[in-house]
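Accompanying notes for the structure given below.
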Amino acid sequence: CELLSQCPSIRHLDLNHEPMVLSPTELTINVLPMLAQACPQLEGLALYVDTEVERFDTTSLGTFKNLQEVDFGISIVEDKHLITKLLAQFLPEKCKLVSKPIFTPEEEKLFVNDAELLENRDACRKEWAQIAEWLPVMLDVRREAYERALAHPEEVSLLIESDH
């Protein structure tokens, strides 16, 4: 993020979202708010991340303003529901979560000659495809809640008071 903060006008960032081997990475999904802050012009993002997070700091969420497409490639999904909720908190409403393989299945077989690994790669893509189906619904709920809060601020203050 420090390096990328020196490139604030970068629009597309691809960070090996489909490595040949499914190995652990130290880059966690918690990097997303930092990327949003470091790269405010980002329109396309593809990266391989560790999605096993214990908690997500929502107090310092940087939001992507221009992000149109994000691809987590073959990142292993630990908890689809949690990841969907996290992404819905800071992705722009028009942003698409995609899971596009870099290679055709035939090309991929040339690089990855292990049937189990090919199966695992495909399973990861399917998990992200399911999250991609859920995400627009979550973003709609977020937008509707925001609009309701603007239209009826007295209800929001009642909710805040009842939480205390």
Is Val141 linked to Leu91 within one hydrophobic cluster, defined over Ile, Leu, Val, Met, Phe, Trp and Tyr using a side-chain heavy-atom separation of less than 4.5 Å?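 No, no single cluster joins them.
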Tell me whether Val98 shares a hydrophobic cluster with Trp134, the cluster being built from Ile, Leu, Val, Met, Phe, Trp, Tyr side chains joined at under 4.5 Å.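 No: no chain of side-chain contacts under 4.5 Å links Val98 to Trp134.
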Hey, are the side chains of [X] and [Y] touching, using non-hydrogen atoms and a 4.5 Å cut-off?
| X | Y | value |
| --- | --- | --- |
| Asp79 | Glu52 | no |
| Leu15 | Tyr48 | no |
| Arg125 | Ile74 | yes |
| Ile76 | Glu127 | no |
| Leu13 | Leu47 | no |
| Ile10 | Gln41 | no |
| Val137 | Thr84 | no |

[X] side, atom [atom1]; [Y] side, atom [atom2] - distance, nearest 0.5 Å:
| X | Y | atom1 | atom2 | result |
| --- | --- | --- | --- | --- |
| Met34 | Ser5 | CE | OG | 12.0 Å |
| Glu116 | Leu118 | CD | CG | 10.5 Å |
| Ile29 | Leu82 | CD1 | CG | 8.5 Å |
| Leu135 | Cys95 | CG | SG | 7.5 Å |
| Gln68 | Leu45 | CD | CG | 12.5 Å |
| Cys39 | Leu67 | SG | CG | 10.5 Å |

List the atom of Asp140, the atom of Glu93, and the distance in Å for their closest heavy-atom pair.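 Nearest pair, atom of Asp140 first, then Glu93: OD1-OE2, 4.0 Å.
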Between His17 and Ile102, is the side-chain contact (heavy atoms from CB on, under 4.5 Å) condition met? List the steps. CA-CA 9 Å; His17 63 294; Ile102 295 174; 3.8 Å; yes
For residues 107-131, which residue pairs qualify under ring pair (Phe, Tyr, Trp, His ring centres under 6.0 Å), counting only residues two or more places apart or in two chains?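 The answer is Phe72-Trp128, Phe103-Phe111.
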Could you check whether any side-chain N or O of [X] sits under 3.5 Å from a backbone N or O of [Y], counting only pairs where one atom can act as donor and the other as acceptor?
| X | Y | answer |
| --- | --- | --- |
| Asn66 | Pro40 | yes |
| Thr51 | Glu78 | yes |
| Arg121 | Gly73 | no |

Can you list every salt bridge (Lys or Arg N to Asp or Glu O under 4.0 Å) pair that touches residues 94-105, not counting sequence neighbours?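 Output for this query lists Glu69-Lys100.
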Does CD belonging to Glu147 count more than 12 external heavy atoms closer than 6.0 Å?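 Atom CD in Glu147 is crowded, with more than 12 foreign heavy atoms closer than 6.0 Å.
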Can you tell me if CD on Glu119 sees more than 12 non-hydrogen neighbours from other groups inside 6.0 Å?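 12 or below, so no.
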Before giving the answer on side-chain contact (heavy atoms from CB on, under 4.5 Å), spell out for Glu26 and Asp50 the whole-Å C-alpha distance, their side-chain angles and the decisive distance to 0.1 Å. CA-CA 7 Å; Glu26 291 186 29; Asp50 179 353; over 6 Å; no
